[in-house]
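Written out below as structure tokens is the structure these notes cover.
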2 protein chains.
Amino acid sequence: MTRDRLPRVRLRDVAERAGVSTTTVSFVLNERPGTGISVDTRDRVLRAAREMGYRPNAAARSLRTQVTNTIGLISDQIVTDNYGGDLVRGALVTALELDHLLIVVESQDDPEVERRLVGDLLSRQVDGIILATITSDRIGLPGIRHGRTVLLNCTSSHALPAILADELAGGRDAANALLRAGHRRGIYLVGEVAEAVRPARERRRGVAAALGEAGVELEGTIECTWWPESAYDAVSTHLASGEVPRALICLNDRVAFGAYQALADAGLHVPEDVSVVSFDDSELARWLRPQLTSVALPYFDMGRIAVESVLGLSEEWAASQQQEQLVAMPLRERGSIAPPRRP
Amino acid sequence: MTRDRLPRVRLRDVAERAGVSTTTVSFVLNERPGTGISVDTRDRVLRAAREMGYRPNAAARSLRTQVTNTIGLISDQIVTDNYGGDLVRGALVTALELDHLLIVVESQDDPEVERRLVGDLLSRQVDGIILATITSDRIGLPGIRHGRTVLLNCTSSHALPAILADELAGGRDAANALLRAGHRRGIYLVGEVAEAVRPARERRRGVAAALGEAGVELEGTIECTWWPESAYDAVSTHLASGEVPRALICLNDRVAFGAYQALADAGLHVPEDVSVVSFDDSELARWLRPQLTSVALPYFDMGRIAVESVLGLSEEWAASQQQEQLVAMPLRERGSIAPPRRP
DNA sequence: ATGAAAGCGCTAACAC
DNA sequence: GTGTTAGCGCTTTCAT
């Protein structure tokens, strides 16, 4: 830390140095079309600005133009989460491309904090607000009153556009990957079964749909939470019962991790003995041995789309008004699926 | 998306409604001391403001006061990284507590982008800038010219305060954990050995120091990158040579993950056959079986301290001027260390 | 105990 | 082609 702010160079200073009016400087610097500024004047202004290290004062400009080139991203706890960071990163990168800055805030799931943060953002006249959650479900809205608001990874009763992963199609893809390899029997689902959790619900529905269409039935469900330890326990218990599955559809990579551990402890090999497919495509998927085939959560894209939407630039904009926009979950095929063993 | 910004309620509107001047409203709303506003007037103003849903315009206020209550966090790619998110989260939370908002930007390691971003932040008159990197090393600075700048997780040739993890002490703690368990022989270091990477360098130095003081020598170093696959290959190769280590000091959790896999493949058990200690304390540490003892990267705290520092509120502020501030790395003891087998 | 008025730095009618 | 000027919404000095 040194001293504080240096004396700022103002537009007027540049004007004086260049020997022109502030209007001229403003026109030149903003590259305003239709103003017949002479090349000579233009150059003088540009040079003066450069030499003096001029930097427009955003507050003054915003006050005048009512535009801040800033968008607010408020989340419950997204930055915390592992791949949740990608949501932010997609938004960050896109905002930058579109010449906007992102104010990121986290409510930590506290409605009181959320109210205050939204207020702060509104005070700052952000050009738009992105409301994101990691839980991917949401009812109440914190009394948002900003014309340009989009929901990211969540929905609400209010008629606001929402960007969501196409978990249903993702579920189908996961099941189809198994079917393509020839699996028909001994397929188990592993993970959280709560109906209230959108990703779990939709993924399961997608799996069931794809399997159903192929005339195949799930052999059963191995219930556990979203975490490795829980999955390890559940799968271990299941294996102890003597039933050996042919394929596991894990509701996320962490669950798959736990499943791998349980399988290994039981002397079972992936994918020779048991095929595994999963969701999220987190870093874990590439770290496991064999590497895990996983249906990727398109968080980066979703962040990108949210920014495009909130700035009203999305191509599908008109169509997506007050609608859910589903983003595809690409299947990343790796080494955890093989044809089933001959019985 | 609905319509755009609603018509804003201005200070003047509140004043009219309350039948007072704008001065009075300003005084009341800012709770300015020493102005003898009558209780009655005060109440009228407060009520008017509430009823009208008044929200101060931050741009106007900043223009006047030269204070934005905003701090800029610019990183190379920190949000991307797994636990890097904690750095941001610590900053976010702390900024909030201190009534500031955080503008987060990422340069993606592009100096050109970085220059522009710093410019944007300066334009916005941020009250301070935090410059963070994930690589934890840095030479050049992007021509920052803001009085209040701190470096987060990196250093530079410029005389700026820097917040860093105390990797040296962390290294000692890792080694000591092994020594405490009774290990003296067969201790290997696993990981990146490049001298240029601060965390690797300091961790190794710390390990060497602690070991040296106990009269113990490292049995050898198993070189690999920071990733599981590389670690798996390196450790597997080493094991194939016939030498069985008693303890592994892995330079981070991902390396430990790879080591676990290699050990398991060789039929070796952690911690009975081989003890393992690691660095970072990422989520992985709790997911592995047995859970991994790891020296935690105090990213959350570092983010917090950076904000406190940049706002000049840190207690150690005066002392830390232009200095490196080292943040302790707590050892998280779990189940991967046991006394060495009898020979 | 309260109000009038100046001005923060910028943009954009409108005038010349 | 370029300059004058009036605000944007707020804080704050100085009057009353």
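Chain letters run A, B, ... following the sequence lines, proteins first, then strands; residues in each count from 1.
Close to C:dT2, at under 4.0 Å from its OP1 or OP2, lies a side-chain N or O of B:T41. Note on A:S26: every side-chain N or O is 4.0 Å or more away from OP1 and OP2 of C:dC10. Phosphate proximity of D:dC8 to B:N57: absent, as no side-chain N or O sits under 4.0 Å from OP1 or OP2.
In this structure, A:T23 reaches the bases: a heavy-atom distance under 4.0 Å links it to at least one base atom across the strands shown. Counting any heavy atom pair closer than 4.0 Å across all strands shown, B:S62 reaches no nucleic acid atom. Using a 4.0 Å heavy-atom distance criterion, B:R61 is classed as a sugar-phosphate-only contact. Contacts of A:I37 with the nucleic acid, taken as non-hydrogen atoms under 4.0 Å apart, involve only primed sugar atoms and P, OP1 or OP2.
Nearest heavy atom pair, residue A:Q325 against residue A:S309, reads OE1-OG, 4.2 Å. The nearest pair of heavy atoms linking A:D109 to A:P111 is O-CD, 3.4 Å.
Other residues, nucleotides and ligands contribute only 12 or fewer heavy atoms inside 6.0 Å of the CZ atom of B:R42.
Straight-line distance from the CG atom of B:L63 to the P atom of C:dT11: 12 Å, rounded to whole Å.
Comparing B:T22 and A:P56, the nucleotide of DNA chain C nearest to each residue sits closer to the 5' end for B:T22.
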